[in-house]
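Please read the structure below before turning to the comments.
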Amino acid sequence: MTQATSSTQQGPQEQSVAELPPNLGHWRQVWARFRRRKLAFASLMIVLFIYLLGIFAPVIQTHDYQDTNLAKTQQGPEWGGNWLGTDRLGRDIYTRVVWGIQTTVIITITTFITGSLFLGVTMGLVAGYFRGWIDAIIMRIGEVISAFPDILLIILLAATLRPRIVQLARDIEDSTGITGLVSSGIVDYVVIGIALLPLSWFGMMRLVRGQVLALREAEYVEAARAMGTSTPRILFRHILPNVVSPVIVSVSFGIGAIALSEVILSFFGLGVQPPRPSLGVMIGEVTARGGASVSVLRDHPEQLLTPIIVVWLLIFCWNIVGDAMNDVLNPRAR
Amino acid sequence: MLAYILRRLLWTPVLLLLAAFFVFFMGSVAPGDPAELRLGNRATPENIEKLREQMGLNDPLHMRYIRFIGNALQGDLGESYVFQGKKVTALIGPRLLVSLQLNIAAMLIALTVGLPLGFYAAKRQGTKTDPAIVISMLILYAMPVFFTAPFLILFFAVKLHWVPAAGWSGMFSTQVILPALTIGIPGAAIFVRHMRASTLEVIGQEYIRTAHAKGMSGFVVNYRHVARNALLPILTLLGFTLAGVFGGSLIVELIYGIPGVSRLSLDAIFQRDFPVLTAFVLLGSLMLVLANLVIDIAYTIVDPRIRLQ
C-alpha cells in the first residue's frame, strides 16, 4: 500500500551523485547516497536508537516490568523515580515501554525472517524461475489469501491457533521437562508470527517473482545456463543478488506495518499475553480496549502517549527510510 | 478483453469457495464446542450430544461444508451460534450498512483532501512546499488510530463543542464527522502519495510539453491533460479502499461506539461464532474480489490505451 514511487527529497541530491569517486563498491555508493538525505539518515538513527532501547531493556530498566506498587498508582512523571510515571497498578511506564519495544523487535525480526525473507523470497524465486504449474499454484494460494480482509484474517488466525499452540507447548514442557516455554512468551511470538505470515509473504513473493520473470530471460542468465551451471547456483548466485534492492525497499516499508499489526493484535488481547509487556498490551490495558481512550488521554496522557509515540515514530521513520531506499536503490523507478 | 473478464468471473466463485473452506477449517481447528458454549450451565453430556446432532456438528467436515455452500447459494448463511435462532444475514446486514456509510464518508474526505494536495505537491516539486506536504502527510499517515480518535474527540467535541463525541445516526449527521476524519486522514495521506507520484509521471510526458508549446493556457493543460491522466492509477486504489469496510474501521468503531461490523466480528471471533465469522470473511472476500474486477474493467473504459489480458 505504501510502496509508491515517490521521494521526499529530490533534485539537488541526485546531481551530486555523479561527483562520487567511481571506485567505490556498489553498496558503499548506496550508503553514501543514503547518508546525504538528512531526514532519512536521521530516521534510520531514530529507529536504531529505539531498537537499541528494546534490545538493552534488561540493562536500562529502572524497575521490574511486573513490579506493582499500589501506593504509587497513576502517578505523573517524577524525576528520579518513575520518570515517565506509573500505570494503574503502579508499574513503571518507562520500563514497560522498553520491554514492549523488545517484544516489537523480536516479532519484527522473526516474522520478517520466516515470512518475508525465507518464504517470500524463495517462493518468488521458484515461481518466477520455473513458472508453469508451480507458479500457478503459488499465485493462486496467494490470491485466495489476499482475498481476505487482512486485519480480520490476522485476528481470526491468532484467536483460533493460540489455544492449540499453547496446548502443544504445554505437552512439550510435560514430556521433555523443559520449563518456561509458555511463561517466557515464546509461544506468543510463535502465535503472532503464524498469524502475520499470510500478510507478510505474498507481497514479497510477488515482487521477487516479477523481478525473476524479467531476469531469467537476461543474457547473462542464458549464458550461465548454456555453460551448464546448476539451477540452484543460477538462482542464488546469478539471480538473487539482482533482486536484493527491491527486497530491501519492500522490507523497510513492511517493518512498520508488521509492528503495527502486532500492536493491534496485542491491543485486542490476542498477541503478547500479560505480564509480558508489549506496546499493544499497554495501549489496550490503559484504554480498556478502546472504551476509555478519551478519559485516559485527558487525565493521564503519559500512560497512553508513551507507547503511542514509539509506534508513531517507528512507522513514520521506516516509511521515510523506505522512500529514501527506493530513490537510492532504484534511480530509474522514478 | 471479454475473455479476460470471463476468466476472472469464473475464477471468482472458486476463490470464494476456497476462502469459505479455509474459514470452515479454522472453525474445526478452534478449541471449544459450540454446542457446549450455547448450552452454558445447562450443559450435560446428553444435552450436548443432542444439540450437536441437532446443529449438524457431528457430520464430517466436508458434509457440513457442502451443506453450507448449498444454503449460501440460496442467500442463507446459517444461524448464529451465540445469538440463538438469529439468522446471520439479519445480524450482519444492518451493521454492514452502518460501516459502509462510515467508510464512504471517510473515503470522500480522503479523496477531497488527498487528490488536490497530491497534485499541488507535484506541481511544487523542487520548492520547499513539496517535501513539507509529503512529510506532514506521512506524519499523519503514521499516526496510530489509538491517538487520533481520542484526540479528535477531546479537541473538537469536548473542548470546542463543535461536533458530538460519539454515537451514530446515519451518514448525514454531524456524528459521522469525527470517525470519518479518523479513517479519512491516513487515507488522504495515501492518496496524496499516489496522486503526487502519478502527477509527476504525467508532467514528464512529451504530450504535456506539446500542449504547453501549442500555447495552451496553464490552467487547461493542468486540468485537462495532467490531472485527468494522473487520476487513472488512483482508480485501482479505490478498490482496496472500498474493500476496507471489513476491518478497516475496526478500532475506530470501537472507540466511537458505532454499531458497525467491528463489534459483531470481534465478538464472533472471541465467542467462536463461526457462522457469523464465515459470513464476514465470505462477504469481505466477495467485495474485495468484485471491487477489483469492476475497477479493472472501469480502467479499460476510462483509458482505452489499456488492454487487459
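Every chain is numbered from 1 and lettered A, B, ... according to where its sequence line falls, protein lines coming before strand lines.
- Contacts between B/Phe22 and chain A at a heavy-atom distance below 4.5 Å involve the side chain alone, from C-beta outward.
- Considering only heavy atoms from C-beta on, A/Leu153 comes within 4.5 Å of A/Ile145 through its side chain.
- Contact annotation for A/Phe267: only side-chain heavy atoms (C-beta onward) come within less than 4.5 Å of a heavy atom of chain B.
- Residue B/Ile153 touches chain A through its side chain alone, counting heavy-atom pairs closer than 4.5 Å.
- Between A/Thr103 and A/Leu279 the shortest side-chain heavy-atom distance does not fall below 4.5 Å.
- B/Ile255 touches chain A through backbone and side chain together, each having a heavy atom under 4.5 Å away.
- Inter-residue side-chain proximity for A/Glu262 and A/Ser278 is flagged as met; some heavy-atom pair is nearer than 4.5 Å.
- The closest donor-acceptor contact from the side chain of B/Asn103 to the backbone of B/Ser99 lies under 3.5 Å.
- For chain B, no part of A/Ile309 is nearby; none of its heavy atoms comes within less than 4.5 Å.
- Side chains of A/Thr104 and A/Tyr51: a donor-acceptor N/O pair is absent below 3.5 angstrom, by distance only.
- Of all the listed residues (B/Leu154, B/Ile133, B/Val158, B/Leu15), the one sharing the greatest number of non-hydrogen pairs under 4.5 Å with chain A is B/Leu154.
- Between chain B and the residues A/Ile283, A/Leu313, A/Val311, the most heavy-atom pairs under 4.5 angstrom are made by A/Ile283.
- Cation-pi geometry between A/Arg206 and A/Trp201 is not satisfied (NZ or CZ under 6.0 Å from the ring centre, within 45° of the ring normal).
- Contact count versus chain B (heavy atoms, under 4.5 Å) is highest, among A/Leu157, A/Ile308, A/Val263, for A/Ile308.
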